[in-house]
Amino acid sequence: MQLTDQHTKVLIIGAGPSGLMMAAQLLRNGIQPIIIDNKQGPTDQSKALAVQARSLEIYRQMGVIDRIINGGKQACGVSFREEGKEVASLSLANVGEGQTRFPFVHLYQQSKNERLLLDFLTLNCCPVYWNTNLIALTQTTNQVNVRLQLEEETVNLTCDWLIGADGAHSTARKQLQIPFNGDTYPHEFFLADVKLDNEELTDTRVQLFLSKSGFTGFFPMPEENCYRIIGNLPVTDDTKNELLLEDVLPAINTITGMNLEVVHDNWFTTYRLHHRMADNFRDQRCFLVGDAAHIHSPVGGQGMNTGLQDAYNLAWKLAGVINGQFTEPILDSYAAERMPVAKDLLNTTDKVFKIILSQSRVIVLFKKWVMPRLLKFVWSKPGLRELFFRRLSQININYRDSKINLHLSHTTKIKAGDRLPYLKVFDEKKHEETDLHEWCSKPGFTFIVLGNLKEIDLFTLAKWLTQNYPGIINFFYLPPSLKNTAVFDTFEIKKGQKKALVVRPDMHIGFMNDVVDIDMMDNYLRNVVGLVNV
């Protein structure tokens with residue numbers, strides 16, 4: 001399909017995970033975007049590997065989770081080795097049990113994520129225009145004007161909104177002149193995708209080797225005996241411009257104390273790592289998501305997942321504005337909600353990564369003698385283990401301070417702005433088990449009432465929703481029962497009490513109240529969120 005001069009509602013620059021997720025979420029909400037990328041096509045070479053539980057919950061909502069689970073592999077544990085000797089071993093098997101439907105760390109390459117999302121776009125008749133470069137961008141009050149280069153041809157495009165998802169070297173960010181502050185780590189790193197024949201390695205555990213020479217990490221890939229190896233390059237006097245895997249094998253063998261038996265070298269590259277963040281994630285009608293907005297070290301497998309969730313957060317808001325359902329001020333909440341997440345992630349991963357790389361005497365002694373004991377202690381405490389998983393999986397991210405949430409409840413454990421807890425629900429009428437996240441599978445808001453309501457009250461609520469918010473809010477009612485005690489306990493609902501929840505399209509609680517009051521909910525939807533009559 002040929003791209004021609006035209007106007008579109010949304011133009012997405014970049015077809016990596018963040019850009020593709022943005023397009024997919026817009027499509028779910030009835031918006032057909034145009035998405036371009038300067039690459040020749042999708043690639044099999046990618047750095048990200050872990051898909052965390054929060055991202056898996058998004059994929060489940062999209063109806064594509066089975067393909068990811070079947071095409072990936074769970075990391076069953078992490079092994080820490082100092083100078084080749086194991087000093088700590090932590091099990092990851094169902095480490096998040098009860099907190100999510102996906103209580104594990106899932107290994108599923110970035111390239112597979114991209115192909116999955118590309119297939120989703122194809123099914124929704126949304127092509128990616130490859131080999132297309134953004135070369136100029138200007139804004140007016142009502143639209144964005146862009147000039148694109150397609151080989152020898154120039155195309156002029158206008159759009160209502162533009163999404164910069166074009167990575168760390170984002171042309172969109174540079175055209176917008178948004179500063180990208182931070183620094184570059186002094187070390188140079190390598191990445192290798194290989195098939196190995198080493199009995200010392202297990203293809204279900206992440207194994208991290210630390211030594212005075214540096215570090216090397218082995219991450220099991222879904223394919224049998226295949227690993228992604230990352231580490232810092234040894235400091236040498238070698239002036240060779242392009243290193244090969246065989247050039248770094250001696251250093252890897254020294255750090256690990258093994259003799260790597262490489263069956264096949266699928267991919268090897270060297271690179272520098274950065275920790276940077278854009279000064280703002282929005283400039284008028286343009287937004288930044290993913291690596292175009294923030295980049296950091298690979299500690300904890302957070303990068304790709306954060307970009308996916310940037311897109312997930314923004315898409316429903318932008319679609320609602322385009323569809324005439326929300327007023328434009330809701331778009332301010334994207335940067336307000338996601339910038340603190342990126343800043344916290346940047347600070348955390350930077351601190352941990354500097355400890356891993358540090359060769360100072362104090363830190364080396366800490367890594368050798370203190371860290372193993374500390375890790376074992378933390379892992380022996382269920383509460384600390386739960387906190388670790390919640391942070392790693394990103395299910396702990398909340399928007400409690402956001403202006404588009406309203407908490408009118410006495411609950412203290414769960415508040416408006418929190419991710420909706422994953423809780424199993426027993427449907428007494430259908431006599432089948434489901435869960436609260438399943439209730440939020442359709443696009444739009446989800447209104448949930450917990451507690452006893454009279455039939456006339458249920459009828460009144462349903463009529464109010466139908467007349468005022470048709471097709472925007474899905475309604476569910478759960479009366480108390482023995483099989484649903486856990487739900488009521490989690491939301492601190494005592495006998496005879498009620499709870500009204502309005503869950504946002506991104507499965508974060510937007511509104512929580514201890515009474516079911518139509519006027520209060522109307523106030524939230526119209527004056528806080530900015531919903532308009534449709």
Side-chain angles (χ1 to χ4, degrees), residues 25-31 54 57-58 60-63 309 311-334 336-337 397-400 402-409 414-423 425 434-450 453 458 460-478 487 491 498-513 515-534:
Q25 292 296 326
L26 287 172
L27 289 165
R28 287 187 73 240
N29 287 278
I31 302 299
R54 188 68 184 104
E57 290 174 352
I58 297 171
R60 182 193 180 202
Q61 191 185 46
M62 294 171 62
Q309 289 165 55
Y312 185 56
N313 180 286
L314 174 59
W316 68 269
K317 300 168 183 176
L318 185 58
V321 170
I322 294 171
N323 288 326
Q325 297 169 337
F326 308 148
T327 55
E328 276 193 30
I330 194 174
L331 298 177
D332 294 334
S333 68
Y334 166 65
E337 291 180 348
I397 292 172
N398 71 77
Y399 308 129
R400 288 185 177 184
S402 175
K403 292 181 180 179
I404 63 168
N405 301 323
L406 184 60
H407 189 74
L408 300 176
S409 173
I414 301 171
K415 293 187 176 183
D418 291 351
R419 158 190 166 271
L420 180 70
Y422 172 76
L423 294 167
V425 176
T434 180
D435 59 78
L436 293 184
H437 285 194
E438 180 67 24
W439 283 1
C440 302
S441 58
K442 293 181 179 179
F445 287 80
T446 305
F447 174 37
I448 300 174
V449 174
L450 305 174
L453 284 186
L458 288 172
T460 301
L461 286 171
K463 183 178 179 181
W464 164 68
L465 290 171
T466 302
Q467 291 181 343
N468 294 277
Y469 308 105
I472 300 176
I473 302 177
N474 307 297
F475 179 33
F476 290 88
Y477 166 58
L478 185 68
V487 178
F491 284 99
K498 302 178 182 66
K499 195 79 67 178
L501 308 173
V502 177
V503 184
R504 304 171 4 168
D506 57 6
M507 287 195 291
H508 281 262
I509 300 169
F511 172 87
M512 185 184 293
N513 199 356
V515 296
V516 184
D517 186 290
I518 287 178
D519 289 337
M520 289 183 174
M521 289 185 289
D522 240 351
N523 172 67
Y524 166 70
L525 293 167
R526 296 188 185 282
N527 299 324
V528 179
V529 175
L531 269 171
V532 297
N533 286 322
V534 293

Output the distance between atom [atom1] ([X]) and atom [atom2] ([Y]), rounded to the nearest 0.5 Å.
X: Lys442; Y: Ile473; atom1: NZ; atom2: CD1; value: 14.0 Å
X: Asn313; Y: Gln25; atom1: CG; atom2: CD; value: 10.5 Å
X: Leu331; Y: Leu314; atom1: CG; atom2: CG; value: 7.0 Å
X: Ile404; Y: Tyr524; atom1: CD1; atom2: OH; value: 6.0 Å
X: Asp506; Y: Trp316; atom1: CG; atom2: CH2; value: 5.5 Å
X: Thr446; Y: Leu436; atom1: OG1; atom2: CG; value: 10.0 Å

Main chain of [Y], side chain of [X]: is a donor-acceptor contact present, judged purely on distance under 3.5 Å?
X: His407; Y: Met512; value: no
X: Tyr469; Y: Leu531; value: no
X: Asp435; Y: His437; value: yes
X: Gln61; Y: Cys440; value: yes
X: Asn29; Y: Ala315; value: no

Taking all non-hydrogen atoms of both residues into account, name the closest pair between [X] and [Y] and its distance.
X: Val449; Y: Leu453; answer: CG1-CD1, 3.6 Å
X: Val532; Y: Arg526; answer: C-NH1, 4.2 Å
X: Ser441; Y: Arg28; answer: O-NH2, 3.0 Å
X: Val516; Y: Leu461; answer: CG1-CD1, 3.9 Å
X: Val321; Y: Glu328; answer: CG1-CG, 3.7 Å
X: Arg504; Y: Ser402; answer: NH1-OG, 4.4 Å

Minimum side-chain heavy-atom gap [X]-[Y] below 4.5 Å:
X: Ile472; Y: Gln325; value: yes
X: Ile509; Y: Asn405; value: no
X: Leu478; Y: Ile448; value: no
X: Asp418; Y: Arg400; value: yes

Original post:
Could Arg60 and Glu57 be called an ion pair, given the rule that one side-chain N must be under 4.0 Å from one carboxylate O?
Top reply: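 Not counted as a salt bridge, because no side-chain N and carboxylate O are separated by less than 4.0 Å.
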**OP:** Only one of Tyr477, Phe476, Tyr422, Phe475 passes ring pair (Phe, Tyr, Trp, His ring centres under 6.0 Å) with Trp439; say which it is.
**Re:**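 That would be Phe476; it is the only one of Tyr477, Phe476, Tyr422, Phe475 passing the ring pair (Phe, Tyr, Trp, His ring centres under 6.0 Å) with Trp439.
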Subject >> Residues in ring-ring contact (aromatic ring centres under 6.0 Å, His included) contact with Tyr312, at least two apart in sequence or another chain >> reply: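 Once residues adjacent in sequence are excluded, Tyr312 has no partner under the ring-ring contact (aromatic ring centres under 6.0 Å, His included) criterion.
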**OP:** Return the set of residues passing ring-ring contact (aromatic ring centres under 6.0 Å, His included) with Phe491 (not counting sequence neighbours), or none when no residue passes.
**Re:**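 Partners of Phe491 by the ring-ring contact (aromatic ring centres under 6.0 Å, His included) criterion come out as none, since no residue qualifies.
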Original post:
Using 30° and 60° as the class limits, which term best fits the ring planes of Phe445 and Phe326: parallel, tilted or perpendicular?
Top reply: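 Plane angle over 60°, so perpendicular.
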